[in-house]
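Whatever order the structure lists them in is the order used to number ligands and atoms, beginning at 1. Both backbone and side-chain heavy atoms feed into the values below; hydrogens, waters and symmetry mates do not.
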Amino acid sequence: MTSLMSVDPSVIAPGATIGIIGGGQLGRMTAMAAARLGYRSHIFCPDNDCPASQVATATIAAYEDYEALARFADRVDVVTFEFENIPAESVRVLSQHVAVRPGWHVLETAQDRLLEKSFFNSIDVGTAAWSPVLNLTGLKGAVAAHGRPAVLKTARFGYDGKGQVKIDATTSLDEAWAEMNGAPAILERFVDFERELSIIVARGLDGTAVCFDVVENRHRHHILDQTLAPAVMTPASRQQAEKIALLAAETLGLVGLLAVELFETRDGQLLVNEMAPRPHNSGHWTLDACATNQFEQLVRAICGLPLGSTQRHSDAVMTNLIGDDINQWMHFLGQADACLHLYGKTEARPGRKMGHVTQLITRKLTENEEN
Ligand code: AMP
């Protein structure tokens, strides 16, 4: 593995190889950002022809294949991951061979809603009121404590609304519990939120941390539809979101990215819904509207480079192209200020994220700036 010289031994210089666990679009865009800075990327994922393996070297093997993981570790200089639903044990084994950033304990916390919510509450950050639920009796007790409406979620392996049941006035608790298939779960009080926000913080090897702008997220069928950047909000509320993200990243000792999803309640309170220690769909707008995008920021953080400026040079609206939306790709190519990103997926299944388009809302220079 040959890389550029660096006087600082903690720096993994351009020319080195970044290992990425997971082969989806987040891995693809990380590999593309890494390539721009002169790094190579090596993907580890179980599926042939995944979006990331089209732009990087790939090991195709199961996440539980420890021999393949060890061989992969020998071929890379640092490892990161692009989604959470990988066995934390595999990441722990990997960390015995090579630096894994963020570390496996961060992944473990983010994978489990019980650990995640306990973590935020332990640093005095508000969440929806919640209780762990391990069986039907526990569910009945939790619903009695928190009232209806509420949301029952599997503690692990849920995303985009999967593994969730809303408990309304008439929902049968027996049926709701049956949907969990016996898996440990969490009951959350339903938050009557005004809107959903998110913030991404990057934290470097030296502990320096910077936030991207807070954004507003709109969902369709539980899947992110649009991100509006920046979210229109009061300076106090923005500072509060930044404080939450910075405190979480610092307490976790995170090196890399942390996306924090928030509910803004009708009385202006911010409650954490969940976190993701990786690039996040609500940060895709940064590819086209910021000096440094989230993927490059991840590469900088895990390689020990100085973090880049997160300054936004344009406002932006990012729209996901889900399922058949992809058929409009030609239309977006013809739109001024539209930046089209396609993920190389050939089959457009319903609910599948096929690409996204970011509409830039450019700001005119003021007279002062022009002169
Ligand atoms: P999650 O998988 O936890 O991110 O939940 C997916 C979506 O379900 C969120 O983006 C919200 O729109 C909604 N949701 C989740 N939890 C709650 C809650 N406690 N109250 C209200 N809506 C929720």
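- By the criterion of a heavy-atom distance under 4.0 Å, neither the backbone nor the side chain of Asp192 is placed next to ligand 1.
- His341 and His356 have parallel rings, their planes meeting at less than 30° on a 0 to 90° scale where 60° marks the start of perpendicular.
- Tested against Phe212 for a side-chain contact (heavy atoms from CB on, under 4.5 Å), the candidates Asn293, Thr310, Val201, Ile199 yield a single pass: Thr310.
- With Tyr343 as the aromatic partner, Lys353 does not meet the cation-pi criteria of under 6.0 angstrom to the ring centre and within 45 degrees of the ring axis.
- Atoms of ligand 1 lying under 4.0 Å from any heavy atom of Phe193, numbered from 1 in the order shown and given with element: 12 (O), 21 (C), 22 (N).
- Contacts between Lys153 and ligand 1 below 4.0 angstrom, taking non-hydrogen atoms only, involve the side chain exclusively.
- Ligand 1 places these atoms under 4.0 Å from at least one heavy atom of Glu196: 9 (C), 10 (O), 11 (C), 12 (O).
- Between the side chains of Asn281 and Asn320, a donor-acceptor pair is found at a separation under 3.5 Å.
- Asp337 places none of its side-chain heavy atoms less than 4.5 Å from the side chain of Thr358.
- Annotation for ligand 1: atoms under 4.0 Å from non-hydrogen atoms of Glu261 are 4 (O).
- Of the candidates Lys166, His222, Arg195, the one placing a heavy atom closest to atom 8 (O) of ligand 1 is His222.
- Note: an N/O pair closer than 3.5 Å links Val191 and ligand 1 by distance alone.
- Below 4.0 Å from some heavy atom of Arg113 lie the following atoms of ligand 1, by number and element: 2 (O), 3 (O).
- Between the side chains of Thr265 and Asp267, at least one donor N or O sits under 3.5 Å from an acceptor N or O.
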